[in-house]
Amino acid sequence: MATAEPIVETETYNNNGSAEPIKQQQSMPSQTSNNGHNVNDESNEELNGLYEQARSDIDKLRLRIQQLRKQKPKKLRSEFAIRKKQEEAKEAQRKSRPQPPQNEEAKNDEPKEPELLSKLTLKLKEYRTLSGHGNKVYGCDWNPHNDNRLVSVGRDGKLLFWYADTGYKRLAYPLETEFIMTLKYSPDGRHVACGGLDDVLSIFEVKSETGIIDCEPKIYKAHTGYISCLQYIDNNTILTSSGDKTIREWDLSKDVQTPSYTYCVHREDVMSMDLNPKNPNLLLTGSVDSTTKIIDLRIKPQQEDENKSDYTPNNGNISTSYNNNVTHSFYMGYDDLSKRNRTTDVNVVKWFPNGDAFVAGCDDGTVRLFDYRSGRVLSEYSYHRQTNDDINGYKNGRNSNDNTSLVKTSTNTPDGTDHEHKNNDDEVDHKAHEPLKASDDDPDYFEDELEGTDGVAALDFSKSGAFMFVSYNNDQHEVLVWNILENRVVQKLKHQQHVPCLKVSPDGKTLVTACWNHHLKLWK
């Protein structure tokens with residue numbers, strides 16, 4: 001059956017330029033499908049349906065937007081306007097303040113606390129007590145590769161290995177002596193070195209077994225006095241300081257159990273030493289002769305001078321071969337204020353974490369902070385001043401800005417002869433090793449406080465160096481936490497008895513303190 005062709009009207013225009021169209025009818029061929037339906041009608045219906053659906057979706061979106069606009073809080077615009085007015089008022093108030101003249105000196109000369117310092121806070125809490133020693137605990141150390149493991153030694157003659165997280169003992173070595181005073185983990189954590197009043201260096205292997213095990217150590221004998229401190233240079237080289245006034249270097253990889261080198265740079269007992277964290281060639285030492293020295297380990301002493309017999313207390317003149325490796329020497333005793341000596345033992349030395357400065361803990365209860373590049377004292381942290389000042393005050397110690405109370409320390413080491421020190425064009429006799437005593441010329445020292453029982457026993461830094469933990473040889477049994485920048489005590493860690501050793505874990509999160517009450521305490 002034939003279908004009628006649709007007629008389509010078109011518009012044309014006259015040749016004379018008239019805008020009036022002339023309608024013409026043209027016939028278009030119709031398209032039909034095989035079943036007889038018109039294809040154009042079907043496509044138009046489909047397009048119309050999609051168009052209506054789109055129109056419906058658009059209307060719904062418009063309605064939703066209108067609803068959301070109605071739901072939005074009306075006060076936001078007003079709050080914005082109020083906040084803007086407040087900011088404008090503050091700015092106007094700031095501009096209206098009178099500016100002080102630039103050339104006028106400040107009337108208040110008191111040091112103001114920087115805003116940054118107020119953000120440095122520390123609050124340690126005791127979270128675990130390690131119990132297992134049967135007598136006084138003398139020393140402890142952290143495993144350098146595992147913050148969960150540490151080792152301790154005590155008067156009970158046992159070397160104990162601990163799990164810090166649980167407080168359980170993992171391993172115990174019975175020792176042949178009760179008087180091990182110091183111990184140190186090797187850099188790889190596989191050995192522990194011990195030394196004490198037996199004058200012997202003992203190297204123990206750290207076994208993987210658990211329980212009480214008899215472990216035969218390697219023995220190194222050469223010292224004629226007690227061993228006070230140990231420092232590993234690497235896994236095969238260790239340094240020992242001793243009461244025989246020497247520092248000896250040992251090569252543990254060789255079968256020869258004699259020291260490779262002997263450094264004779266002090267005139268009295270060498271109490272402490274520490275390797276520079278940035279440059280391991282620099283060794284910091286402290287001695288009873290009131291000096292701290294920095295030794296360049298790359299300059300080895302001459303072989304024939306290692307056991308020189310003329311090095312005695314009666315002969316203070318040391319040959320050049322003994323001192324050619326000393327790069328810096330600091331004397332703790334001279335005071336420019338009272339113009340006299342206050343000789344004091346150096347009990348503990350420790351490098352600052354950046355390696356550019358160090359501290360010396362002395363027997364007068366003072367910790368002195370030095371910059372070895374300038375050779376000057378940066379600050380002093382005095383236990384005596386702290387106990388006589390308010391603990392909540394801004395300054396409890398002596399800092400570099402307090403010129404009236406700063407003890408300027410000379411870098412000249414007395415050698416038993418009189419020296420001349422000039423201060424304000426006045427010549428002063430410098431008599432070596434004058435006894436410590438109070439003076440009317442120095443109001444910062446107190447007669448009832450100047451006793452040898454307040455000396456620094458142990459110290460360590462936080463990982464950043466912002467805080468310093470110090471224990472003292474007195475009956476207070478406190479570990480003071482010093483804020484290095486503010487020069488004040490921010491916390492006191494109470495103990496039942498004396499604390500001879502304390503160490504900060506390698507990750508800087510935990511402090512362990514060894515106490516004479518047979519326990520170790522962990523602080524976080």
Side-chain angles (χ1 to χ4, degrees), residues 111 114 116-117 119-120 122 144 187 229 231-234 239 241 247 263 265-266 270-287 290-299 323-332 334 346-362 366-382 395 397-403 406-413 456 458-470 481-488 490 502-508 511:
L116 179 62
L117 302 183
K119 299 179 181 179
L120 292 175
L122 181 66
C229 189
Q231 280 292 322
Y232 273 95
I233 298 178
D234 53 46
L239 296 167
S241 63
I247 299 171
Y263 301 88
V265 297
H266 288 284
V270 184
M271 300 300 297
S272 179
M273 57 183 176
D274 190 33
L275 282 174
N276 190 297
K278 303 299 182 182
N279 184 2
N281 294 314
L282 298 180
L283 177 68
L284 176 67
T285 64
S287 171
S290 303
T291 65
T292 60
K293 297 179 185 292
I294 300 177
I295 302 174
D296 191 339
L297 297 177
R298 292 169 294 188
I299 304 175
N323 278 337
N324 58 2
N325 50 13
V326 176
T327 63
H328 298 73
S329 182
F330 301 87
Y331 179 53
M332 298 294 122
Y334 184 71
V346 179
N347 296 337
V348 189
V349 292
K350 184 73 176 179
W351 284 103
F352 198 72
N354 66 357
D356 293 331
F358 68 90
V359 292
C362 301
T366 302
V367 180
R368 295 173 172 89
L369 175 63
F370 289 85
D371 188 323
Y372 87 95
R373 298 167 298 181
S374 62
R376 299 294 295 175
V377 180
L378 299 181
S379 187
E380 290 189 356
Y381 309 89
S382 173
K395 290 193 309 178
R398 301 174 176 180
N399 59 35
S400 57
N401 296 323
D402 186 6
N403 294 325
L406 175 63
V407 176
K408 297 179 176 63
T409 302
S410 171
T411 57
N412 297 324
T413 303
V456 177
L459 61 84
D460 202 358
F461 287 104
S462 63
K463 191 172 183 178
S464 65
F467 298 95
M468 179 175 62
F469 312 96
V470 186
V481 183
W482 289 88
N483 186 314
I484 294 295
L485 295 177
E486 295 180 345
N487 201 334
R488 67 184 179 91
V490 296
L502 56 87
K503 293 289 181 66
V504 176
S505 61
D507 61 357
L511 172 70

Original post:
What distance separates Ile294 CD1 from Asn325 CG, expressed to the nearest 0.5 Å?
Top reply: 12.5 Å

Original post:
Met468 versus Val481: any side-chain heavy-atom pair under 4.5 Å?
Top reply: no

Subject >> Residue pair Cys362 / Arg368, side-chain heavy-atom distance below 4.5 Å >> reply: yes

Subject >> Asn276/Leu284 under side chain to side chain contact (heavy atoms under 4.5 Å, CB included): CA gap, chis, key distance, verdict >> reply: CA-CA 7 Å; Asn276 190 297; Leu284 176 67; over 6 Å; no

Original post:
Hey, what do you get for CZ (Arg373) to NE2 (His328), rounding to the nearest 0.5 Å?
Top reply: 10.5 Å

Subject >> Distance-only donor-acceptor check, side chains Ser329 and Lys293, under 3.5 Å >> reply: yes

Subject >> Backbone N/O of Arg488 and side chain of Asn483: donor-acceptor pair under 3.5 Å >> reply: no

**OP:** Mind telling me whether Phe358 and Phe370 have parallel, tilted or perpendicular rings, with 30° and 60° as the class edges?
**Re:** parallel

Subject >> Heavy-atom donor-acceptor pair, Asn487 side chain to Glu380 backbone, under 3.5 Å >> reply: yes

Original post:
Centroid-to-centroid, Phe352 to Phe461, below 6.0 Å?
Top reply: yes

**OP:** Determine, stepwise, if the pair Leu283 / Thr285 fulfils side chain to side chain contact (heavy atoms under 4.5 Å, CB included).
**Re:** CA-CA 6 Å; Leu283 177 68; Thr285 64; 4.0 Å; yes

Subject >> Minimum side-chain heavy-atom gap Leu297-Leu282 below 4.5 Å >> reply: no

**OP:** Looking only at non-hydrogen atoms, find the nearest pair between Leu275 and Pro280 and report the distance.
**Re:** CD2-O, 3.4 Å

Original post:
Can you check whether Leu502 reaches Leu511 side chain to side chain, under 4.5 Å on heavy atoms?
Top reply: yes

Original post:
Do the side chain of Ser462 and the main chain of Phe467 share a donor and acceptor less than 3.5 angstrom apart?
Top reply: yes

**OP:** Check for a donor-acceptor pair, side chain of Tyr232 on one end and backbone N or O of Leu239 on the other, with a separation under 3.5 Å.
**Re:** no

Original post:
Do Trp351 and Tyr372 have their ring centres less than 6.0 Å from each other?
Top reply: yes

**OP:** Would you mind reporting whether Val346 and Val348 have side-chain heavy atoms less than 4.5 Å apart?
**Re:** no

Subject >> Minimum heavy-atom distance between Thr292 and Ala360, given as atom pair plus value >> reply: CG2-CB, 3.8 Å

**OP:** Give a yes-or-no answer on whether the side chains of Asp296 and Thr327 include a donor-acceptor pair shorter than 3.5 Å.
**Re:** no

**OP:** Taking all non-hydrogen atoms of both residues into account, name the closest pair between Pro353 and Gly465 and its distance.
**Re:** CG-CA, 3.8 Å

Original post:
Taking the side chain as C-beta and beyond, is there a heavy-atom pair between Trp482 and Val470 under 4.5 Å?
Top reply: yes

Subject >> Side chain proximity check, Thr291 to Met332, heavy atoms < 4.5 angstrom >> reply: no

Subject >> Asn324 side, atom CG; Ile295 side, atom CD1 - distance, nearest 0.5 Å >> reply: 11.0 Å

**OP:** Over all heavy atoms of both residues, which pair between Cys229 and Ser272 is shortest? Give the atoms and the distance, please.
**Re:** CB-CA, 4.1 Å

**OP:** Measure the spacing between CG of Asp460 and OG of Ser505 and express it to the nearest 0.5 Å.
**Re:** 9.5 Å

Original post:
Is Lys463 paired with Asp507 through a side-chain N to carboxylate O contact shorter than 4.0 Å?
Top reply: no

Original post:
Out of curiosity, Ser379 OG to Asp371 CG, how far, rounded to the nearest 0.5 Å?
Top reply: 12.5 Å

Original post:
Given side chains that start at C-beta, do those of Tyr381 and Leu459 come closer than 4.5 Å, heavy atoms only?
Top reply: no

Original post:
Can any side-chain N or O of Asn347 pair as donor or acceptor with the backbone N or O of Val456 at less than 3.5 Å?
Top reply: yes

